[in-house]
Amino acid sequence: MPRRPAAALATSGEVLRLIRTGEAVTRADIGRVTGLSRPAVSLRVTELLDRGLVVENSEGPSTGGRPPARLAFNASGGVVLVASLGASRTQIAVCDLAGAELARTDLGIDVEEGPDVVLPLVMRTWSDLLGDRPASLVRGVGLGVPATVEFAARRTESARIMASWTGVAIPPIIEESFPVPVFLDNDVNVIAIGEHRAIYAGEADDLLFIKVSTRIGSGVIAGGEILRGALGAAGEIGHIPVRHGGGVLCRCGNTDCLDSVASGTALLKTLRARGHEVKTLADVVALVRAGDAETMTVIRDAARMLGEVVASAVNLLNPAVVVLGGDVAETFQPLVSGVREVVYRRSTALSTRNLRIERSRLGPAAGITGCAHMVLDHILSPEAIDSPH
Ligand SMILES: [Zn+2]
């Protein structure tokens, strides 16, 4: 960000940013960095202390006399409520203002029951998880949902699961019980944010996260920020067609979309069509362990088609790292090696020179971490701090 004249913008929100990032942790530092007068610094610091966003202690490095009081961001000055709703698992948590989990429950909700059933259950679970903490401590809510989200309108667009989630404006429903800012994004975007913040932030800020699970989706982190596109539909990698897909009709109406030929659902369908009695991924794992050659061929074919699309995405985006997550990618190592092989063969030399292709390290926890950061990035931004609603 270009440096603007500091004094002109050194609001309380900006002072909080300096304290959170560690750029200035004493009143004297803040004065030096911002050019604010001592009374002006004091005014802003007092406001942040009163709002519970910073704490002050006098354990600074001693220089002989009384050490200067040090200011620190108060991560326990509030909580955010988060939920990562997935087609197969849902995690609900209360996190502090640094994004650390304070309490969490994993529920086997069937999200296909629709928002009328699922949202009240999620809100009751938040109340339970809050326990004795007063509701006034809640500063924001974040949800990841298995649907495309029109981010600015905070509304689900096309649901990847069932029609009951299509076109639902979720925030007003939540705001009735928790009158705080509510943020919503699709499940893969929040997982991408979580994986990036927890594992790669500052080291690899251009990251492509591919979730291979019941469905295939992706989240793009560009320059450290999630790339949502004009309306929030960026990253729908599952509906890019592949060559030699066999003419499979996708539920979107096109043929040979990646999702319809290489997702967990597609693997099961293909194996069933070839006479295997497979109900879940665990059945596929059993076939792989038993050395079933046909199953291995099906997985290799899926890897080839996934690799083909990932190679194009790599050419377009030039990420530093491609992370493969979701239970299919986490279960089948040959799928990951297959993708790697195709990408290195088919992407341009420059885009693969330092490219890493790795399996998700955060695993299922990424959704909760990502939801928390999505909320915190907004509610702790200088703009939000300076205009409390
Ligand atoms: Zn499709």
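Because the structure is predicted, anything quoted here is derived from the model rather than measured. Remember, it's 1-based here, ligands and their atoms both numbered in the order they're listed.
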| field | Under the side-chain contact (heavy atoms from CB on, under 4.5 Å) test, residues paired with Arg104 that sit two or more places apart | value | Gln91, Ala93, Glu101, Asp106, Ala365

| task | Dump the intermediate steps for salt bridge (Lys or Arg N to Asp or Glu O under 4.0 Å) on Glu277 and Arg272, then the final yes or no. | result | CA-CA 6 Å; Glu277 296 265 327; Arg272 271 184 219 130; over 6 Å; no

| request: Determine whether the side chains of Asp386 and Thr11 contain a donor N or O and an acceptor N or O closer than 3.5 Å. | output: yes

| said: Counting neighbours of CG on Asp50 that are heavy atoms of other residues, nucleotides or ligands and sit closer than 6.0 Å, is the number greater than 12? | reply: yes

| field | Closer than 2.8 Å to the Zn ion (ligand 1) - protein N, O or S atoms, ordered by chain and residue number | value | His239 ND1, Cys250 SG, Cys252 SG, Cys257 SG

| query | Who are the side-chain contact (heavy atoms from CB on, under 4.5 Å) partners of Asp292, not counting sequence neighbours? | reply | His276, Leu287, Glu294, Thr295

| query | What residues form a salt bridge (Lys or Arg N to Asp or Glu O under 4.0 Å) with Arg304, not counting sequence neighbours? | reply | none

